[in-house]
Amino acid sequence: MYSPSYFSVADSHSQGINLAATICSAETEGVHLTSTSVTFNPGKIELPKTLTADPETAGSTTLLLQVSLPCLLFSSSPTSPSQLTLRGGTNASQAPQIDYTQHVFLPFMKRHFGVDVALKIIRRGYFPKGGGAVFCSVPSLTEALPPVTLTERGSVQLIRGEARVGGLPFILAERMKNAARATLLAGGVSPTTIRINAVRETQEEAFGSGGGILLLAETVNGCVIGGSSVSTRSKAPEEIGNEAAEELLRNLRHDGCVDEYLQDQIIIFMALAKGRSTVKTGPLTDHTRTAIKITEQMTGATFHLEENPSGFVIVSCDGIGYTPSL
C-alpha cells in the first residue's frame, strides 16, 4: 500500500496499523512517524483473539476499534467472541467520542448488519493524558453480512443526550446542556422532544480532566443522528453545547438516514456485504469519498452515487459477499 507524499503516518495511524498487523499476523514496512509509504502483507487470521492495545498516549480508542473490527468479524468455523481491551483516549477531538461509538455506530451495526459488539467503558481518558480503558467483545461470523437498505429517515420523535465532565465542576456540564437546549429550541425543535442530562464522573470513572456532549436524534423509522463536541480549554461550555446542537441541526436538515460521521464508518461493511446496499446520506464528506475510493480498490466492490441538488446523496454499493476461506 502506497501513500502519496503529501500524506505521512501520524502516531494514531501507526497504532492502528500495528494492531491490525497483530490480528492479521501481517508483515509490515514503513510503519513509523512521517513515513510516506507503508507495506502491509497480511497472513492468516485465527480467531478468537484476546488482545490489549495500549499506545501509552491519548490516542483514540475508537479509532483502534474501527481498524480492528473488520479484521475480527469473520471466521471459517464457529468460534467464541474475540476480547479486545483498548487503552488511551475515549473523548477527544479529531475522532469519534466513545459515546458516539456506543450509541450510534454499534447500534447501527447490530440493527442493519447483525453484528452485536458488546462494549463497556471501564474508565474514560481525556486529552492530553489519555489513561482510558474500553473493553469490547466481538463475535465472529461464518456467513456474509446482509445488505442494508435505508432511504427513509422518518420524523424525529426524541432528541436525547448527555453533557459530561470528569475532573471538572458539575456546573460546566450544566452550562453545556443549557446552551445545547437553547440552540435546539431556536432551531425549531419542540421543547417536549428534548431530554438532555448533565453528568459529572467520579475519580474512579475518569482519568484526567475534560468533558464533552453528545446529542442523539431518534426517528420513527429507527434512525439515530448524532451531534457532538469535545471540551477544550479555549472554549466556554456554552460554545461546546452550541456546536453539538448546531451540528445535529445541520445533519437533520439534509434528511439523511445517517449523520456525517457515520457515513465513512459504514463504507467497508457495505462493501463486504452480500448484494446491493443503499443508504441515504447528507452531503458526502472528504473522509467518505476517500473511504469509497480505497474500499473499491481493496475489495472490488462497486459504489454508485446519486447526488441531489438539495443536499442529500443516495449511496449504493454492490457488495462482494465476503466469507472467510477455509
Side-chain angles (χ1 to χ4, degrees), residues 1-75 79 81-98 101 105-106 109 115 117 119-140 207 264-265 267-269 271-272 287 290-291 294-295 297-299 322 324:
M1 178 179 68
Y2 175 74
S3 298
S5 58
Y6 56 78
F7 173 86
S8 63
V9 172
D11 189 49
S12 58
H13 302 140
S14 63
Q15 294 160 13
I17 294 170
N18 287 332
L19 176 58
T22 300
I23 296 171
C24 300
S25 303
E27 296 180 357
T28 64
E29 293 180 9
V31 186
H32 55 79
L33 294 181
T34 73
S35 172
T36 59
S37 178
V38 173
T39 300
F40 189 99
N41 292 319
K44 185 176 181 180
I45 300 177
E46 296 183 356
L47 300 179
K49 297 285 188 183
T50 300
L51 298 171
T52 297
D54 186 359
E56 299 182 350
T57 68
S60 171
T61 53
T62 57
L63 294 182
L64 290 175
L65 178 59
Q66 280 185 21
V67 75
S68 59
L69 183 56
C71 304
L72 293 170
L73 272 186
F74 298 98
S75 175
T79 68
S82 291
Q83 312 294 321
L84 196 59
T85 301
L86 305 172
R87 304 187 187 279
T90 60
N91 298 74
S93 57
Q94 308 303 316
Q97 295 189 63
I98 193 64
T101 298
F105 173 67
L106 291 182
M109 292 297 296
V115 176
V117 176
L119 183 149
K120 180 181 180 181
I121 302 171
I122 302 171
R123 182 176 60 255
R124 291 177 184 270
Y126 292 104
F127 184 84
K129 293 184 177 181
V134 177
F135 174 78
C136 301
S137 178
V138 182
S140 62
F207 184 82
D264 63 287
Q265 295 184 58
I267 292 301
I268 182 60
F269 302 103
L272 295 175
H287 272 117
T290 301
I294 293 175
T295 299
Q297 292 174 346
M298 293 183 67
T299 67
Y322 175 79

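Atoms considered below: every heavy atom in the structure, side chains included; atoms not considered: hydrogens, waters and symmetry mates.
- F127 approaches A92 most closely through the heavy-atom pair CB-CB, 4.3 Å.
- Here CG of N91 is found 9.0 Å from OG1 of T62. Values are rounded to the nearest 0.5 Å.
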Determine whether L69 and L73 satisfy the following criterion, side chain to side chain contact (heavy atoms under 4.5 Å, CB included), listing intermediate values before the conclusion.
CA-CA 6 Å; L69 183 56; L73 272 186; 4.1 Å; yes
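- Going from atom CG of L65 over to atom OG of S60 covers 9.0 Å, rounded to the nearest 0.5 Å.
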Please lay out, stage by stage, how V67 and L63 fare under the test side chain to side chain contact (heavy atoms under 4.5 Å, CB included).
CA-CA 6 Å; V67 75; L63 294 182; over 6 Å; no
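- A donor-acceptor pair under 3.5 Å is formed between the side chain of T90 and the backbone N or O of G125.
- Considering every non-hydrogen atom in both R124 and I98, the closest pair reads NH1-CG2, 3.6 Å.
- To the nearest 0.5 Å, atoms CG (D264) and CD1 (I294) are separated by 11.0 Å.
- We find the OG-CG distance between S25 and N41 to be 12.5 Å, quoted to the nearest 0.5 Å.
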Just do the side chain to side chain contact (heavy atoms under 4.5 Å, CB included) check on T101 and T61 with the steps written out, would you?
CA-CA 10 Å; T101 298; T61 53; over 6 Å; no
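- A53 and L64 make their closest contact through CB-CD1, 4.2 Å (heavy atoms, listed as atom of the first residue, atom of the second, distance).
- Going from atom CD1 of I122 over to atom CZ of R87 covers 6.5 Å, rounded to the nearest 0.5 Å.
- Between S137 and P81, the shortest heavy-atom distance links the atoms OG-CB, 3.3 Å.
- Atom OG of residue S140 and atom CG of residue L47 lie 6.0 Å apart, to the nearest 0.5 angstrom.
- When every heavy atom of E46 is checked against every heavy atom of K49, the shortest pair comes out as O-CE, 3.1 Å.
- Of all heavy-atom pairs between S68 and L84, the closest is OG-CD2, 3.4 Å.
- Every residue meeting the ring pair (Phe, Tyr, Trp, His ring centres under 6.0 Å) condition with Y322, not counting sequence neighbours, appears here in chain and number order: F74.
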